[in-house]
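Quick notes on the structure that follows.
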Amino acid sequence: MAKLFRAYFFKSLFFFWYRFLFRQLRNLIRFHRTISNSLSGATQFKHPKFSSLLHRSDLNDHTLVFDVEHALLKSSSLFPYFMLVAFEAGGLLRAIVLVLLYPFVCVVGNEMGLKIMVMTCFFGIKASSFRVGRSVLPKFLLEDVGAEMFETLKKGGKKVGVSNLPRVMVESFLREYLEIDFVVGRELRMCCGYYVGLMDDTKTMHALELVKEGKGCSDMIGITKLNNIRDHEFFSHCKEVYGVSEAEKRRWQKLGRERYPVPLIFHDGRLALRPTPMDSIAIIMWLPYGIILAVIRTSLALSLPFKISTPLLVMSGLRLTTSASTRSHHIKENGNNINAQNLYVCNHRTLLDPLYISFSLQKNLTAVTYSLSRMSEVLAPIKTVRLTRNRADDAKMMKHLLGQGNLVVCPEGTTCREPYLLRFSPLFSEMSDEIVPVAVDTHVSMFHGTTAGGLKCLDPVFFLMNPSPLYTVQLLQHVFPSHFSRSTTSHIDQENSRFEVANHVQSNIGTALGFSCTKLTRKDKYLMLAGNEGIVLNPTSATKHND
């Protein structure tokens with residue numbers, strides 16, 4: 001009897017839990033289908049695919065709300081941008097830690113992985129000195145923008161960028177370069193002026209109030225990831241939501257430089273390549289060899305004469321390309337034993353510009369520069385002289401140096417990495433009756449040899465750490481300032497002729513290199529890269545010559 005009772009008891013208990021669990025499972029499946037159908041119906045009713053949005057003609061009457069990571073950028077990986085923050089703002093050790101933690105970032109999920117990267121990159125960084133979001137990240141983010149998405153945003157009224165990244169990483173890129181009206185991102189927590197590596201949730205309602213204030217469009221159209229249409233709370237307030245699939249983003253074209261609303265002329269940072277996980281590992285592994293290689297190259301350049309050091313430096317990986325006119329100029333001088341002093345005027349790419357011109361011509365030159373670190377001045381294998389930025393004193397010094405031998409000057413006053421030429425200071429136009437314009441260009445694969453916020457003394461070291469950096473030197477047709485001078489003694493006419501010579505030389509060099517000439521100066525560069533209000537937002541002013 002007891003056995004029958006136990007069997008009946010366990011049988012009843014089994015059926016009870018079976019019916020209970022089965023009922024809960026059935027309700028869960030029914031709930032999931034209901035939610036899926038409701039979301040599917042809501043989005044299908046308004047054409048969920050992004051491709052259908054491209055042909056709409058009424059976008060100017062709507063506010064476009066787009067997901068920065070999943071709709072604007074072609075790449076779905078956020079690691080390169082955090083690697084740039086870690087390396088440029090935190091240093092090499094922080095970058096190594098981020099690379100080591102990346103496998104855990106991949107397995108813990110998107111939100112937790114994001115928090116790990118934020119903690120690794122921002123913990124202990126001083127908020128007031130953080131400038132990577134303005135001076136480094138915009139270049140790499142612009143190179144990852146989908147052209148189709150950008151053209152759609154141009155048709156909209158107000159434009160709102162929604163991101164799960166810290167706002168300090170994306171705001172400058174969106175506002176200053178893509179001219180986005182509002183940026184909704186996550187705020188970083190601070191303590192005593194330093195980031196603690198934690199993020200606050202996005203304040204959606206406050207952001208909505210800002211979007212709806214003033215004149216504009218009240219109806220909002222959302223553009224976000226297709227397979228998770230309600231990923232961000234902001235999109236639940238949109239009248240229509242369009243989805244972008246990964247396959248569709250892969251078919252997009254990258255936004256060309258000529259289509260940037262505001263031209264990217266200045267940027268900072270040491271890394272020259274997009275630091276994907278594999279490239280980041282390669283950079284870290286190359287660093288010890290790169291330092292040794294830079295020491296060897298420097299020793300060869302300092303200790304040996306041109307004819308011996310040049311082939312050895314080429315064997316070490318340094319590449320130097322010279323034009324036919326450069327070689328003929330050298331042969332002509334050697335054949336005729338010309339001892340006249342030449343004034344070489346070149347654009348400024350790195351601190352090594354005068355040195356490479358000297359290697360190309362196989363003769364000693366004196367270089368005058370506006371800013372040079374003491375270490376670079378001591379190690380330079382050619383004579384270098386610092387200018388004082390006092391016009392009268394500098395003119396007197398340059399005339400004295402030119403009387404002693406060949407002189408090379410970079411009238412831009414600072415380096416520019418992008419295919420633009422800064423304003424040429426006209427001081428050089430008064431120094432000689434014959435000017436030799438020199439067009440120089442560089443190509444690096446791993447590290448930039450210039451910086452605005454880092455240690456200037458390390459610029460040549462980083463350039464020489466590249467596996468195979470390339471320098472191109474072209475000697476252009478000589479310019480005679482007397483052809484621009486006026487017979488009148490008017491001070492205004494003399495000033496105009498000086499600027500005409502400077503503009504002419506700048507134009508010749510820009511044409512030879514395929515670069516655009518600008519009116520921007522050294523001051524404009526440092527104002528922008530220092531994080532002040534120095535950025536030039538008017539793109540038309542970036543394509544004009546000096547007045």
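FYI, side chains are in, hydrogens and waters are out, and symmetry mates aren't considered; it's all heavy atoms of this structure. Because the structure is a prediction, the values reported are computed rather than measured.
- Electrostatic pairing of Arg423 and Asp524 does not count as a salt bridge here, judged by no charged N lying under 4.0 Å from a carboxylate O.
- Salt bridge absent: Asp393 and Lys396 never bring a charged side-chain N and a carboxylate O closer than 4.0 Å.
- Heavy atoms from other residues, nucleotides or ligands lying under 6.0 Å from CE of Met190 number 12 at most.
- A donor-acceptor contact shorter than 3.5 Å is absent between the side chain of Gln253 and the backbone of Glu148.
- If you take CD on Glu69 and CG on Leu78, they are separated by 5.5 Å, rounding to the nearest 0.5 Å.
- In Gln404, the CD atom is crowded: over 12 heavy atoms of neighbouring residues, nucleotides or ligands sit closer than 6.0 Å.
- A distance-only check finds no donor-acceptor pair linking the side chain of Arg270 to the backbone of Phe462 [under 3.5 Å].
- Listed by chain and number, the residues in a side-chain contact (heavy atoms from CB on, under 4.5 Å) with Thr366 are Lys383, Val385, Leu401, Leu407 (sequence neighbours excluded).
- Across all non-hydrogen atoms, the minimal contact from Ser507 to Cys517 is CA-SG, 3.9 Å.
- Between the CD atom in Glu143 and the OG atom in Ser75 there is a gap of 12.5 Å [rounded to 0.5 Å].
- Here OG of Ser163 is found 8.0 Å from CE of Met169. Values are rounded to the nearest 0.5 Å.
- The 12-atom threshold is not exceeded at CZ of Phe123, counting heavy atoms of other residues, nucleotides or ligands nearer than 6.0 Å.
- In terms of modelled atom types and a separation under 3.5 Å, the side chain of Arg417 and the main chain of Thr450 share a donor-acceptor contact.
- Across all non-hydrogen atoms, the minimal contact from Leu137 to Val85 is CD1-CG2, 4.1 Å.
- Taking the six-membered ring where tryptophan is involved, the planes of Phe424 and Phe428 are perpendicular, since the angle between them exceeds 60° and thus also 30°.
- Screening residues 434-450 for salt bridge (Lys or Arg N to Asp or Glu O under 4.0 Å), with sequence neighbours left out, gives Arg349-Asp441.
- Shown here for Asp459 and Leu351, the closest heavy-atom pair between the two residues is CB-CD1, 4.1 Å.
- Using a distance-only test at 3.5 Å, with no hydrogens or angles considered, no donor-acceptor pair links the side chain of Thr369 to the main chain of Arg386.
- With a 4.5 Å cut-off on side-chain heavy atoms, Trp286 and Phe447 count as touching.
- Ion pair Arg167/Glu187 flagged as a salt bridge, since at least one NZ, NE, NH1 or NH2 atom sits closer than 4.0 Å to an Asp/Glu carboxylate oxygen.
- Electrostatic pairing of Glu412 and Lys525 does not count as a salt bridge here, judged by no charged N lying under 4.0 Å from a carboxylate O.
- Within a 6.0 Å sphere centred on OH of Tyr194, other residues, nucleotides and ligands contribute 12 heavy atoms or fewer.
- Closest non-hydrogen pair, Met465 versus Ala294, comes out as CG-CB, 3.9 Å.
- Two residues are said to be in side-chain contact when any heavy atoms from C-beta on lie closer than 4.5 Å; Tyr195 and Cys121 fail this criterion.
- Nearest heavy atom pair, residue Ile125 against residue Gly90, reads CD1-CA, 4.1 Å.
- Side-chain N or O atoms of Asp268 include none that pairs as donor or acceptor with a backbone N or O of Val136 at under 3.5 Å.
- Here the side chains of Val99 and Pro277 are not in contact, with every heavy-atom distance at 4.5 Å or above.
- The main-chain N or O of Thr120 is found under 3.5 Å from a side-chain atom of Arg94 such that the two form a donor-acceptor pair.
- Asn466 contributes a side-chain N or O that, together with a main-chain N or O of Phe463, makes up a donor-acceptor pair within less than 3.5 Å.
- Put simply, the side chain of Thr321 does not reach to within 4.5 Å of the side chain of Tyr471, judged on heavy atoms.
- For Asp394 (side chain) and Arg391 (main-chain N/O), no donor-acceptor pair under 3.5 Å exists by modelled atom type.
- Pairing each heavy atom of Leu520 with each of Ile265, the nearest pair is CD1-CD1, 3.3 Å.
- In this structure, the side chain of His504 does not engage the main chain of Gln506 through any donor-acceptor pair within 3.5 Å.
- A distance-only check finds a donor-acceptor pair linking the side chain of Thr518 to the backbone of Leu421 [under 3.5 Å].
- For the atom pair Leu320 CG and Thr310 OG1, the distance stands at 8.0 Å (nearest 0.5 Å).
- At a threshold of 4.5 Å between non-hydrogen side-chain atoms, the residues Phe173 and Val145 count as touching.
- Counting only heavy atoms from C-beta outward, the side chains of Phe140 and Pro80 never approach each other to under 4.5 Å.
- When side chains are defined from C-beta on, Ser445 does not count as touching Ser468, because their heavy atoms never get closer than 4.5 Å.
- With a 4.5 Å cut-off on side-chain heavy atoms, Leu273 and Ile283 count as touching.
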